[in-house]
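Position 1 is the first residue of the sequence; numbering continues from there. Only this structure's heavy atoms are used, side chains among them; waters, hydrogens and symmetry mates stay out.
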Amino acid sequence: MASLVYDGDAGGGGREAVRVLDPESADVFFVPFFSSLSFNSHGHNMTDPETEIDRKLQIDLMEFLRQSKYWQRSGGRDHVIPMTHPNAFRFLREQVNASILIVADFGRFSKTMSNLNKDVVAPYVHVVESSLDDDTVDPYGLRPLLLFFRGRTVRKDEGIVRAKLAKILAGYDDVHYERSIATVESIKMSTQGMRSSKFCLHPAGDTPSSCRLFDAIVSHCVPVIVSDQIELPYEDEIDYSRFSIFFSVKEALTPGYMVDQLRLFPKERWIEMWKQLKTISHHYEFHYPPQKEDAVDMLWREIKHKLPGVKLAVHRNRRLKIPDWWGRRR
């Protein structure tokens with residue numbers, strides 16, 4: 001349970017959320033069921049008989065929540081549930097569709113269940129090491145590679161663009177596009193590659209987002225985003241166009257177009273983006289305990305921004321005598 005009140009502490013850091021022991025004073029209720037971990041731990045390949053354990057955990061959770069008067073009072077609207085894996089909570093998702101969901105993107109959620117009006121987009125935990133010593137007088141000159149990508153190239157759904165980009169980007173001396181899987185050694189090579197590149201490519205994966213975007217941010221490598229349906233963390237506060245470049249899938253698959261645009265990109269503008277990356281990269285770091293304006297703190301702030309809509313929905317629901325008519329308007 002957390003009361004989302006900005007609360008200063010002795011260190012002057014402050015917190016976006018504080019835990020309260022009296023449920024009557026809580027603004028939202030955090031449900032500590034880690035559905036992504038449950039999915040990955042119990043039958044990750046979807047056909048394994050162990051998926052029954054995941055399903056049973058979801059059933060037990062819903063039985064517990066339905067017995068809570070606070071769930072009953074709001075219909076779950078003021079409950080916060082982490083659901084960052086695209087297949088998390090897959091058996092009973094529709095039963096929590098009123099709650100505030102913490103998602104990585106909306107790639108496998110129906111429009112009737114999950115949306116930006118009530119849900120919060122979380123950043124992936126970055127895989128590469130953060131670039132902490134990047135105070136150089138000539139960052140542009142010290143990054144000789146134009147564009148870098150290293151990762152899986154065979155993906156589903158919108159991620160099929162990766163295999164097509166492999167052909168489009170072949171043959172350029174200043175572009176590194178390599179098929180790879182995550183190992184300790186490959187992560188080290190990705191860290192070095194991103195820190196040596198002006199731009200880092202982020203094509204869609206199995207869903208519209210992946211950790212590669214956040215690897216680029218903490219590497220201070222200007223992200224080049226090719227994902228038509230991506231949604232981004234903290235976008236009500238952060239303007240990604242100040243430090244990222246966006247291409248539609250159609251534009252990116254036009255031979256020569258993306259590379260030509262990046263080669264023509266002004267050095268002065270790139271340096272401004274690099275400086276902005278250094279300014280905002282701490283928002284994508286996860287710490288325990290959380291620190292001021294790190295990823296956890298920012299997520300609670302985003303949840304706080306959802307509260308007016310939550311309260312509106314709860315108050316309206318208490319007085320409606322018939323099912324909500326608004327959605328039936330033409």
(message) Restricting to non-hydrogen atoms, name the atom on Ser241 and the atom on Met273 that form the minimum distance, rounded to 0.1 Å.
(response) O-CE, 3.6 Å

(request) For Trp71 and Met62, work out which heavy atoms get closest and say how close. (result) CZ2-CE, 3.9 Å

Report yes or no: do [X] and [Y] form a side-chain donor-acceptor pair below 3.5 Å?
{"X": "Asp294", "Y": "His282", "result": "no"}
{"X": "Thr183", "Y": "Ser186", "result": "yes"}
{"X": "Glu285", "Y": "Ser130", "result": "yes"}

(request) Among Leu299, Val120, Val121, find the residue that satisfies the side-chain contact (heavy atoms from CB on, under 4.5 Å) test when tested with Tyr234. (result) Leu299

Does this structure show an ion pair linking [X] with [Y], if we count only N-O contacts that are shorter than 4.0 Å?
{"X": "Asp78", "Y": "Lys311", "value": "no"}
{"X": "Arg301", "Y": "Glu237", "value": "yes"}
{"X": "Glu24", "Y": "Arg73", "value": "yes"}
{"X": "Glu52", "Y": "Arg55", "value": "yes"}
{"X": "Lys250", "Y": "Asp228", "value": "no"}
{"X": "Asp134", "Y": "Arg143", "value": "yes"}

(request) Mind checking the OH-CD1 spacing from Tyr177 to Ile168? Nearest 0.5 Å is all I need. (result) 10.5 Å

(request) Only one of Trp274, Phe265, Phe149, Phe148 passes ring pair (Phe, Tyr, Trp, His ring centres under 6.0 Å) with Phe199; say which it is. (result) Phe265

